[in-house]
Amino acid sequence: MAYWLFKTEPDAYSLTDLKNAPQQSTFWEGIRNYQARNFMRDSMQEGDLVFIYHSSCKVPAVVGVAKITQAAQVDPYQFDASSHYYDPKSSPDKPRWVGVTVQYVEQLPNPVTLKAIKADDNIVDLALKKAGRLSIMPVTDREWQHIVAMSQ
DNA sequence: GCCAACGTTGGC
DNA sequence: GCCAACGTTGGC
């Protein structure tokens, strides 16, 4: 089983929104970054666990856990001209973008802030620490356990 | 709201 | 296929 981190802007879609969704589940649409897509398409499997990270907000932080309940599927919004996620260069016979389905698992006892993660020498390789704009990234076993411990 | 970082686009 | 211009992300 693998671990991941998904960024989301809580104003647009928060951990609470996921918790309150039908079946506490949603299709994670709108990822339009090749590196993030490749992680979803090539590596994510049902049962993998995901940190939900709130970005572009007052206190950027890892706030909860979700799990992958369905591996990558074609993201239908790329074909919808009225969608913000429309991609005119993609076509149904050669789709460019995918998404996975995630389900709410739990809220962490305390948010683990970006500030705390940046200050922690045990977390070195996490893409979040680098000035990255990657919206989906892998998390190692060790980093996962450490961040969970930090939330206690 | 500013701005640095960085991915993408398109002209050549 | 290089690289400048542009757009977007996201912390502050």
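Order of the sequence lines fixes the chain letters, A, B, ..., with proteins taken first and strands second; residue numbering starts at 1 for each chain.
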In whole angstrom, give the distance that lies between atom OH of A:Tyr85 and atom C1' of C:dG7.
16 Å
In whole angstroms, the gap separating C1' of C:dG10 from CD1 of A:Ile117 amounts to 15 Å
Rounded to whole angstrom units, what separation is found between the NE2 atom of A:His54 and the P atom of C:dC12?
17 Å
Rounded to whole Å, the CG-C1' distance (A:Leu134 to B:dC6) equals 12 Å
Picking from C:dG10, B:dG7, C:dC12, which would you name as closest to the side chain of A:Asn33?
B:dG7
Holding to side chain to side chain contact (heavy atoms under 4.5 Å, CB included), I want the full list of residues that pass it with A:Ser151, two or more places apart in sequence or in another chain.
A:Leu108, A:Pro109, A:Val112
Could you state the CG-P distance from A:Leu128 to B:dC6, rounded to the nearest angstrom?
14 Å
A:Gln152, CD: over 12 other non-hydrogen atoms inside 6.0 angstrom
yes
Distance check needed: B:dT8 C1' versus A:Tyr34 OH, whole Å only.
8 Å
Return the value, rounded to whole Å, for the distance between atom CD of A:Glu9 and atom P of C:dC12.
15 Å
May I ask you to verify if any side-chain N or O of A:Lys58 is less than 4.0 angstrom from the OP1 or OP2 atom of C:dG10?
no
By nearest atom, which of the nucleotides B:dT9, B:dT8, C:dG11 is closest to the A:Lys89 side chain?
B:dT9
Hey, is A:Asp87 close enough to A:Arg32 for a salt bridge, meaning N to O under 4.0 Å?
no
Heavy atoms from other residues, nucleotides or ligands near OH of A:Tyr77 exceed 12 (cutoff 6.0 Å)
no
In whole Å, I'd like the distance from the CZ atom of A:Arg32 to the C1' atom of B:dT9.
17 Å
Within the structure, does a side-chain N or O atom of A:Lys7 lie under 4.0 Å from either OP1 or OP2 of C:dG10?
yes
